[in-house]
Amino acid sequence: MQEFEKISIAEIPKKDMLLILKALEYTGEHTNSDEYLSLKNSIVSELSELADSSEDEFIDYLQK
């Protein structure tokens with residue numbers, strides 16, 4: 001198996017990314033585990049920066 005350090009998300013549809021983010025948020029809130037919420041926030045932060053938008057604008061974009 002080929003090893004790699006990073007995974008590209010270029011081919012993930014918007015609705016799937018939104019589902020991933022909501023799953024992380026739900027899991028974090030219902031398990032009281034900050035790791036899930038931190039990961040969700042990190043992903044949103046990185047993607048909104050790439051999209052040159054605010055985090056709220058990016059989430060709104062995913063929801064459309």
Problem set entry | Spatial distance of atom CG (L19) from atom NZ (K15) [nearest 0.5 Å] | 9.5 Å
Exercise. Would a hydrophobic clustering, with Ile, Leu, Val, Met, Phe, Trp and Tyr connected at side-chain separations under 4.5 Å, put I20 with Y26?
Worked result: no
Show me the donor-acceptor pairs, under 3.5 Å and distance only, between side chains in residues 55-64 and residues at least two apart or in other chains.
from : atom 1 : to  : atom 2 : distance (Å)
E57  : OE1    : S54 : N      : 2.8
E57  : OE1    : S54 : OG     : 3.4

Problem set entry | Worked verdict on L18 versus K14 for side-chain contact (heavy atoms from CB on, under 4.5 Å) | CA-CA 6 Å; L18 183 60; K14 286 181 359 179; over 6 Å; no
Just distance, no hydrogens or angles: give the donor-acceptor pairs under 3.5 Å from side chains in residues 31-42, sequence neighbours left out.
from : atom 1 : to  : atom 2 : distance (Å)
T31  : OG1    : T27 : O      : 2.6
T31  : OG1    : S33 : N      : 3.4
N41  : ND2    : L37 : O      : 3.2

